[in-house]
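Below is one structure, written out as structure tokens; the observations come after it.
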Amino acid sequence: MNSSPTSAALRPPQHTFRTVFPVLALCWLAVFFDGMDVNIYGAVMPHMLDDPGLGLTPATAGTIGSWTTFGMLIGALTAGNLTDWLGRRLLLVASVTLFSVGSAICAVAGGIGLFGAGRFVSGLGLGGLMPLCLAMVMEFAPPRRAALTTGLLMTSYHFGGMAATGLGLSLAPAAGWRWVFWAGVLPAVIAVPLLLKLLPESPGVLLARGEREKADTVADRYGLDRPTSVAAPAAGAAGRLAAVRALFHPRSRWATPLLWLASFSGLLLVYGVSTWLPQMMRASGYGLNSSVSFLMVINAGGIVGLLIAGRTADRFGAVRVSAIWFVLTAAGALLLKSHLPLGVTYVVVAVTGVWLFSAQVMVYAATNTVYRDSERAAGLGWVTGIGRTGAVVGPWLIGHLATNGNQSWGFTTFALAGLVGAIAISLVPLAQRIGRSGAPAPAPVAVATVGAGTAES
């Protein structure tokens, strides 16, 4: 049925950043704490390796880093399947709570086993949070501003990484590395109450759960088009299975594995660098404080890169920007393999950060051009979830190289990952054209009026 004149009059006249700012701000805060928790381990690893009571070695450090990202893999896939049951808002709260609890376990751990368990628990929460926030922000983003909004959201990850580095530089030497993990409990205290009180539920998810009135109310409040059955994700286990099958529809069957490969390469870079950069730079001959500072510098570069990439991608396309950024990341990684003067190294690290992190974020933005609205959450969940295997491999592989005294090969590994990511994402448009040319002609469809809009069914 059509919306009444009264309800139409209450809707904001335009869908702008101002109308959706509360959602973006709350998701920004959640991802800030995500970035802080992910980077805490790398920021304090040199201090943990120097702690004889803990018994951490480069090999076990890499393994524990992989436990974290393995937890992320499980969390990302699980969150996508529970969204239509519990809702995105409650799952975001659960994710923040989980990685806060994991940080507390790490703070009290007396040995490697319990510490690793804490990082795994943190990973469960971290893995679910990112795809949920990305899906929320893309759903609420103004038209034709999805890439810019995604870039703005992801700046918070790097601000969180810089906060973790600041804690590693200031708190760890003075009070010990455990107090840095105690700081990781703050998300449960700060973010959880705000999310519960202020974050709206996804209109699409509300519609999928049969709550049409609530879905329309949220859409009206934030200036969105009222959701239709096409935009809503299918509910129930059968609906989730159907959503996964839709990712391999003829129009996207070839693009989907390419997005997965690009995400694998990007997350290998992101988590390999976040976990190992300080220790790799220390092994290359730089001082302890300088080595930890590089993590702050590369995250600062990441913030600049996301602001540039978001605007550039809105103009030239996320696929093109991601491919170029991956190539530039590979070049930066090869430069870091050489022991350059300290000042030059800071510049190279910062510039590499400009390209590295936003290359991966633009892979997420590219899913917006591949999948329909009803497939977006599942598509993002699987792109991030499968990509998490790269996040698992990265810390483990660099740890294995460090154990054998081959830290410099870590930079070569990062360069190769950048090239693979560039090739994979650049082939996505070709894969879409092949899919469209091979897809059967669409059957006639009926047009049904649902809520305030019309949709093909």
Side-chain angles (χ1 to χ4, degrees), residues 24 27-28 31 34-35 76 130-131 133-139 141-142 144-158 161 252 255-271 273-274 298-299 301-333 351-371 376 379-388 390-391 414 417-432:
L24 178 59
C27 288
W28 195 97
V31 176
D34 179 304
M130 189 66 74
C133 283
L134 284 166
M136 285 285 286
V137 165
M138 283 188 178
E139 181 177 6
R144 297 178 299 279
R145 288 293 181 265
L148 175 59
T149 309
T150 302
L152 288 173
L153 171 69
M154 292 304 295
T155 61
S156 61
Y157 176 92
H158 301 291
S252 57
T256 290
L258 287 170
L259 287 171
W260 289 359
L261 180 58
S263 184
F264 172 92
S265 302
L267 287 174
L268 186 153
L269 282 163
V270 168
Y271 288 96
V273 168
S274 296
I298 202 167
N299 276 291
I303 294 170
V304 175
L306 287 167
L307 295 174
I308 296 172
R311 290 187 174 275
T312 307
D314 278 334
R315 183 174 180 182
F316 298 104
V319 168
R320 184 178 301 174
V321 170
S322 181
I324 295 171
W325 266 225
F326 268 126
V327 171
L328 293 171
T329 297
V351 172
T352 302
V354 169
W355 317 123
L356 188 157
F357 298 102
S358 48
Q360 170 64 20
V361 173
M362 291 303 107
V363 174
Y364 297 148
T367 63
N368 212 38
T369 66
V370 175
Y371 302 120
R376 184 181 297 131
L380 269 173
W382 279 88
V383 166
T384 56
I386 297 299
R388 294 293 181 191
F414 294 151
L419 292 177
V420 171
I423 294 170
I425 194 66
S426 63
L427 289 175
V428 166
L430 175 62
Q432 288 180 277

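Keep in mind that this is a model prediction, so the values were computed, not measured. We're numbering straight along the sequence, starting at 1.
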Practice problem: Give the minimum heavy-atom separation between A366 and V319, together with the two atoms involved. | Solution: CB-CG2, 3.8 Å

Quiz item: Closest approach of A417 and L268, non-hydrogen atoms and distance?
Solution: CB-CD2, 4.0 Å

Quiz item: For the side chain of S358 and the backbone of V354, is there at least one donor-acceptor N/O pair under 3.5 Å apart?
Solution: yes

Self-check item: From CG (L306) to CG (L152), nearest 0.5 Å
Solution: 8.5 Å

Quiz item: For V327, what residues pass the side chain to side chain contact (heavy atoms under 4.5 Å, CB included) criterion, not counting sequence neighbours?
Solution: A422

Exercise. State, yes or no, whether a side-chain contact exists between L269 and W355 at a heavy-atom distance under 4.5 Å.
Key: no

Quiz item: Any side-chain heavy-atom pair from Y364 and V383 closer than 4.5 angstrom?
Solution: yes

Quiz item: How far apart are the closest heavy atoms of A333 and F414, and which atoms are they?
Solution: CB-CB, 3.9 Å

Quiz item: Residues two or more places apart in sequence or in another chain: which of them pass side chain to side chain contact (heavy atoms under 4.5 Å, CB included) with L419?
Solution: A330

Practice problem: List for me each residue that meets side chain to side chain contact (heavy atoms under 4.5 Å, CB included) alongside A323, sequence neighbours excluded, and say none if there are none. | Solution: I425, S426

Exercise. Taking all heavy atoms of M136 and all of C27, pick out the closest pair and write down the distance.
Key: CB-SG, 4.1 Å

Quiz item: So do W28 and V137 actually touch side chain to side chain, heavy atoms under 4.5 Å?
Solution: no

Quiz item: Side chains of F357 and H158: closer than 4.5 Å at any heavy-atom pair?
Solution: yes

Quiz prompt | Check: W325 and I308 side chains under 4.5 Å, non-hydrogen atoms | solution = yes

Quiz item: Closest heavy-atom contact between G421 and A262?
Solution: O-CB, 4.1 Å

Quiz item: Hey, what do you get for CD1 (I386) to CG (L259), rounding to the nearest 0.5 Å?
Solution: 12.0 Å

Practice problem: Verify, without hydrogens or angle tests, whether T352 (side chain) and T329 (backbone) share a donor-acceptor contact under 3.5 angstrom. | Solution: no

Quiz item: How long is the span from the CE atom in M362 to the OG1 atom in T367, to the nearest 0.5 Å?
Solution: 10.5 Å

Quiz item: What pair of heavy atoms forms the shortest contact from G266 to Q360, and how long is it?
Solution: CA-OE1, 3.1 Å

Quiz item: Under 4.5 Å between any side-chain heavy atoms of Y157 and V270, yes or no?
Solution: yes

Quiz item: Side chains of V420 and F264: does their closest heavy-atom pair fall under 4.5 Å?
Solution: no

Self-check item: R320 vs R315 side-chain heavy atoms within contact, under 4.5 Å
Solution: no

